[in-house]
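Below, all heavy atoms of this structure are taken into account, side chains as well, without hydrogens, waters or symmetry copies. Just so we're on the same page: letters track the sequence lines, and every chain starts at 1. What you see is a predicted model, and the numbers here were worked out from it, not measured in a lab.
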2 protein chains.
Amino acid sequence: MVDLTLEDIALQAGVSRSTVSRVLNHQPNVSQDIRQRVMDVIEVTGFQPNAAARSLASHRSWTIGLVLPKGVGAFFSDPYFPRLTQGIAQACNMYEYTLGLFIVNSVEDEEKIYPRISRKGLLDGILVQAGSTGDHLVERLIQNEMPIVALGRPINQCCVNYIDIDNYGSSRIAVEHLVKLGKKRIATITGPQESMAGRERMRGYIEVLGDNGFELDEKLIAYGDFTQASGYSLIRDLLPAKPDALFAGSDSIAYGALQAINEVGLKVPEDIAVVGFDDLTGPNTSLSKHQLTTIHQPVFQFGMSAVELLIDVIENGMTPVRELIVNTELIVRETCGAPKDNES
Amino acid sequence: MVDLTLEDIALQAGVSRSTVSRVLNHQPNVSQDIRQRVMDVIEVTGFQPNAAARSLASHRSWTIGLVLPKGVGAFFSDPYFPRLTQGIAQACNMYEYTLGLFIVNSVEDEEKIYPRISRKGLLDGILVQAGSTGDHLVERLIQNEMPIVALGRPINQCCVNYIDIDNYGSSRIAVEHLVKLGKKRIATITGPQESMAGRERMRGYIEVLGDNGFELDEKLIAYGDFTQASGYSLIRDLLPAKPDALFAGSDSIAYGALQAINEVGLKVPEDIAVVGFDDLTGPNTSLSKHQLTTIHQPVFQFGMSAVELLIDVIENGMTPVRELIVNTELIVRETCGAPKDNES
DNA sequence: GTGAAAGCGCTAACAG
DNA sequence: CTGTTAGCGCTTTCAC
């Protein structure tokens, strides 16, 4: 297939280059029959406009970047980022954007990548995962007046567009569920307190206990890092305090804890009820003998909404600041010991 | 930061635009002091050349695409693709390429995405995951004379650059290991036979048994799909035939089988030895009570090599056809029941 | 509603 | 070694 240009199409259709351009960009001011004639030629020739030329002339690349800062790269082993990425990619396909992926693996990467993503003509906008290192990047990017949306609410940062779930409210619902089930000694293994998610989920736990007149017992609290390994090891520190329930800061933590609980011979949910957070259906959940009660966050949809939000920012400008909170849902399964719902 | 152009830099440095361009592109014919002067101005101003303009003029976008065809999207839940993607992204950072990610989620996507990735001016080259749907895409892309490298060897396709591991040879090593351990009734749960990996691993199994004078027993063979779920359910069909060993077509299959074996009260490796394939350290492996003996494939490195291969193709043309085989390694752990290595 | 013409910001011969 | 000069292929005023 020889390289075609607008000019070639124009020639074949017997019109001017501008007209072909108008048809290509779905502009209104073209008569029906000419439009059809041009479209036919495009169809037959399989013409695709040159992306670089289009970007250069229009100052729009139709490409957005997904930036995963150092640190979250490690999280790539859990199903969260893959799912998120899929949602983002899906939305990009829908809106005919190209997705650029920037994974920061090291400190050196960070400095090298930054100029590349902020250079003109490459990206129309940026999605950046919030988190300790990410937030630093967010700051620099914003000063560059590049359309940007943070995935998760950045810490120490105002006036940033972001999309997030209601971590605080959701964890309240999870812990309240445990309270309603009559649990009296509710333990928690939280995520990292440097992350907004870890912090807010913790805050929900603390406040629900307070609201219900429970005393905070440090022996029932452990600080993990969202991983299965941390759940597995930290629950052992908590067990001596005889908890009758565990609110895990993530499903991974919950699964780790579940396994350890199992190994010491305790029963779930009889001896200890467990509620997780995330509901990422992955290999773990499918075969687990425990059906985990958890907070479902719609990761795929979250990714899609993030793209939509970013496109909105690209098209309508950075002000006002957008803050989008996506709904979660408590999924009652078996590990909390709640009576079964009446099913129809 | 106001938008700078080459011209601005040239003005400030007191040279011509071309000279700045030469400095930017690390071309040799610039005197040391002028080069320095230009670099200083670039440094101070933080100038970054416009990506679109550069692509348009040079016919190089410094962007490569990673295409994950429909079907492999589902695999996104296991750790393989995330790791692979990380390796690819890492190499892109190293060589200062931008990575475009194209995940095909549906049939409609397929038709919409194809023209976008094959359009001029966007991508310098393409990495495409091989596999039933992928191979079809590979074909179309090749005709477009776009530099391309397949990840995994496409089926029914010659004359394609690809990178792969030696599935056949590796599975031979795994099964031979079992034979050497004195196993007589070696079962297998394979991956899908539509995939080269599934097929070749199966072939290794069959031939090693043949070489050792074993009869093929259909009761010891099950056809899975690489997932944990398939391992979990299919091993139950195999157990009545009293296997003393299992060669699993993937670690996921192995873990599924391990769990089922456990649940029926058999012991690993005493009653049944298990060898897997992949060695993707993920959440499953970390806490498993079984240390899986398996074939290690260096996924991250695989991704990096794929990028290097593609860059070679971009720079030196499509001929000759490149075929790159990456080495694997048998990792002897506990599930095969081999005596411990003497450790120093 | 359509065409002509002027760039977008850079690279790459080609002179000198 | 450096500057001048054409474009790269498209979008976008501005006329008509």
For this session: Output the residues of residues 52-59 of chain B in contact with DNA chain C, where contact means a heavy atom of the residue under 4.0 Å from an atom of the strand; sort by number or write none.
Result: Ala53(B), Arg54(B), Ala57(B), Ser58(B)
Problem set entry | Partners passing salt bridge (charged side-chain N to carboxylate O under 4.0 Å, His left out) against Glu43(A) (at least two apart in sequence or in another chain) | none
Problem set entry | Asn50(B) side chain vs Thr5(B) backbone, donor-acceptor pair below 3.5 Å | no
Exercise. Per the end-axis method with five pairs at each terminus, what is the bend angle of the helix from dG1(C)-dC16(D) to dG16(C)-dC1(D), to 10°?
Worked result: 30°
For this session: Report yes or no: is the cationic atom of Arg116(A) (NZ for Lys, CZ for Arg) under 6.0 Å from the centre of the six-membered ring of Phe102(A), at an angle within 45° of the ring normal?
Result: no
Exercise. Which nucleotide of DNA chain C is the first, and which the last, in the 5' to 3' direction, to come under 4.0 Å of a heavy atom belonging to chain A?
Worked result: dG1(C) to dG9(C)
For this session: Answer whether the closest heavy-atom distance between the side chains of Met94(A) and Glu108(B) falls below 4.5 Å.
Result: no
Exercise. Taking the side chain from Asn161(B) and the backbone from Leu310(B), do they hold a donor-acceptor pair closer than 3.5 Å?
Worked result: no
Problem set entry | Pairs satisfying side-chain hydrogen bond (donor to acceptor under 3.5 Å, both in side chains), at least one member in residues 303-313 of chain A, at least two apart | Tyr95(A)-Glu308(A), Gln301(A)-Ser305(A), Asp312(A)-Asn316(A), Asp312(A)-Arg322(A)
For this session: Write down the atom of Val149(B), the atom of Ile163(B), and the distance for their closest heavy-atom approach.
Result: CG1-CG2, 4.2 Å
For this session: Specify the closest pair of heavy atoms between Gly100(B) and Thr63(B), including all atoms of both residues, with the distance to one decimal.
Result: N-CG2, 4.2 Å
Problem set entry | Contacts of type salt bridge (charged side-chain N to carboxylate O under 4.0 Å, His left out), residue Glu96(B), not counting sequence neighbours | none
Problem set entry | Least distance between heavy atoms, Gly121(B) atom then Ser55(B) atom | O-CB, 4.5 Å
Exercise. Backbone N or O of Leu122(B) within a donor-acceptor pair of the Ser61(B) side chain at under 3.5 Å?
Worked result: yes
Exercise. Who passes side chain to side chain donor-acceptor pair (under 3.5 Å) against Gln12(B), sequence neighbours left out?
Worked result: none
Problem set entry | With sequence neighbours excluded, residues passing ring-ring contact (aromatic ring centres under 6.0 Å, His included) with Tyr97(B) | Trp62(B)
Exercise. Going by heavy atoms closer than 4.0 Å, what residues in residues 29-40 of chain A are next to DNA chain C?
Worked result: Asn29(A), Val30(A), Ser31(A), Ile34(A)
Exercise. Residues two or more places apart in sequence or in another chain: which of them pass side chain to side chain donor-acceptor pair (under 3.5 Å) with Arg37(A)?
Worked result: none
Seminar exercise, completed: Under a 4.0 Å heavy-atom criterion, DNA chain D is touched by chain B from dC1(D) to dG9(D)
For this session: Look up atom CG in Leu6(B) and atom OG in Ser21(B), then write down how far apart they are to the nearest 0.5 Å.
Result: 6.0 Å
Exercise. Looking at residues 13-22 of chain A, who's got a heavy atom less than 4.0 Å off DNA chain C?
Worked result: Val15(A), Ser16(A), Arg17(A), Ser18(A), Thr19(A), Arg22(A)
Problem set entry | Note: Glu111(B)-Lys70(B) ion pair, threshold 4.0 Å (strictly below) | no
Exercise. How about Asn105(A) and Gln86(B): do any of their side-chain heavy atoms sit closer than 4.5 Å?
Worked result: yes
